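A short write-up of the structure that comes next.
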Amino acid sequence: MPELPEITLFRNYVRETSLKKTIKKIDFPESSLLQAPAEDFKNELIGKKFQAAERLGKYLVITTTGSPSLIFHFGMTGKLEYYSNQDPPKYSKMILYFEDDYRLAFTCRRKLGKIYLTEDLESFKKENELGPDALEISEKEFLNLLEEKTGAIKAVLTDQHVISGIGNVYSDEMLYQCKIHPKTKTSEISASDKKKLYKKMKHVLEMAIDKEGVRKDFPKTWMIQHRKDGADCSKCDGKVKKIKVGGRSTYFCPTCQKEEG
DNA sequence: ACGGATGTTATTAA
DNA sequence: ATTAATAACATCCG
């Protein structure tokens, strides 16, 4: 479940379970996700401890007591599972064994995730051309970034090179709450609507984190509760419509979200 | 049984 | 040089 809020929850999960324990062994049941040789991961991580966990857009960065950091990208189906004395969870790609017999498994059913080892976070950001993090960015910076863009606002919001952290589901949510049509050209959005979008971006992401990603606990008025073609709009008599924007399934209310901003 | 799924990226095309 | 649409990756679920 991997957009910014979900990655934040994985970050918290690692903080609660896996810091400050010596790593004694690592298994790779499947190595196609590895962005460095398996031996490098072993050489660099075994005998060390995780020191901190941080989120960077949709990436989870786990720093160690030594130099390199372990970085996970979750793709569509990545998860972390902390467990002990059981069979590894299904689809495990990397299993870290700690000294106390607890283990942390990275699972990824569709294998769209990636596992990195990096010495230098700044160069990692550059190599991946990551835009500023959606929760870190200032309003001014946000407005400046949108200023340069011309394409559909949804495609801009979900472009990790512009802003990092926002994905398909939450971008729909922000646009719905702002009554902006997802195909609206970014350059045609009024200054006041851009400011509103900034506020809703933060609001949606923070609320999702606050509710620990449990969608049924999100407000009933949110689009996320109505992501189905033909579902009732929570704000008017209209029906939710499904279209494609930037190749992704997009849900919106044609009555609330008119083409012009 | 076929279409779709929370993501990214390489390739084409405009 | 940009930008936008499409395919591909791999696999399960409804």
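On a predicted model such as this, the values are computed, not experimentally measured, just so you know. Letters go in sequence order (proteins before strands), and every chain restarts at 1.
Under a cutoff of 6.0 Å and an axis angle of 45°, Lys228(A) and Tyr251(A) do not form a cation-pi pair.
Between Asp229(A) and Lys241(A) there is no salt bridge, since no side-chain N of the basic residue sits under 4.0 Å from a carboxylate O of the acidic one. Ion pairing between Glu147(A) and Lys194(A) holds under the 4.0 Å rule for side-chain N and carboxylate O.
A sub-4.0 Å separation between OP1 or OP2 of dA5(B) and a side-chain N or O of Ser249(A) is present. Listed pair Tyr251(A) / dA5(B) meets the phosphate criterion, a side-chain N or O lying under 4.0 Å from OP1 or OP2. Close to dA10(C), at under 4.0 Å from its OP1 or OP2, lies no side-chain N or O of Tyr91(A). Side-chain nitrogen and oxygen atoms of His73(A) include none within less than 4.0 Å of the OP1 or OP2 phosphate oxygen of dG7(B). Between Arg227(A) and dT6(B), a side-chain N or O to OP1/OP2 separation shorter than 4.0 Å is present. Contact annotation: Arg248(A) side-chain N/O to dG4(B) OP1/OP2 distance is not under 4.0 Å. Dashed line: the shortest gap from a side-chain N or O of Lys58(A) to OP1 or OP2 of dT6(B) is not under 4.0 Å. Residue Lys111(A) has a polar side-chain atom (N or O) positioned under 4.0 Å from OP1 or OP2 of dT11(C). When the side-chain nitrogen and oxygen atoms of Gln160(A) are compared with OP1 and OP2 of dG7(B), none of them lie within a distance under 4.0 Å.
Rounded to whole Å, atom C1' of dT6(B) lies 11 Å from atom CG of Asp172(A). Here the C1' atom of nucleotide dT6(B) and the CG atom of Leu60(A) are 16 Å apart, to the nearest Å. Here dA5(B) presents its C1' atom at 10 Å from NZ of Lys244(A), a figure rounded to the nearest Å. Rounding to whole angstrom units, CG of residue Leu33(A) and C1' of dC9(C) are separated by 11 Å. At whole-Å resolution of the value, NZ in Lys228(A) and P in dG3(B) are 19 Å apart. In this entry the distance linking CZ of Arg110(A) with P of dT6(B) reads 9 Å, nearest Å. At whole-Å resolution of the value, CD1 in Ile115(A) and P in dG7(B) are 19 Å apart. Nucleotide dG4(B) holds its P atom 11 Å from the CG atom of Asp229(A), rounded to whole Å.
Note on Leu121(A) and Leu4(A): separate hydrophobic clusters, where clusters join Ile, Leu, Val, Met, Phe, Trp and Tyr whose side-chain heavy atoms are under 4.5 Å apart, directly or indirectly.
Closest contact between the side chain of Lys242(A) and the listed nucleotides dC9(C), dC12(C), dG4(B) involves dG4(B). The side chain of Leu112(A) has dC9(C) as its nearest neighbour among dA5(B), dT3(C), dC9(C).
Between the side chain of Arg109(A) and the base of dA10(C), no donor-acceptor pair under 3.5 Å is found.
Aromatic pair Phe72(A)/Phe10(A): centroids not less than 6.0 angstrom apart. With ring centers used as reference points, Phe124(A) lies under 6.0 Å from Tyr116(A).
Separating the C1' atom of dT6(B) from that of dA4(C) is a span of 22 Å, rounded to the nearest Å. dA10(C) sits 16 Å from dT11(B) when the P atoms are compared, rounded to a whole Å.
Using the Watson-Crick or G-U wobble rule with both distances under 3.5 Å, dA10(C) pairs with nothing in any strand shown. When both pairing distances are held under 3.5 Å, dT6(B) makes no Watson-Crick or G-U pair with any nucleotide shown.
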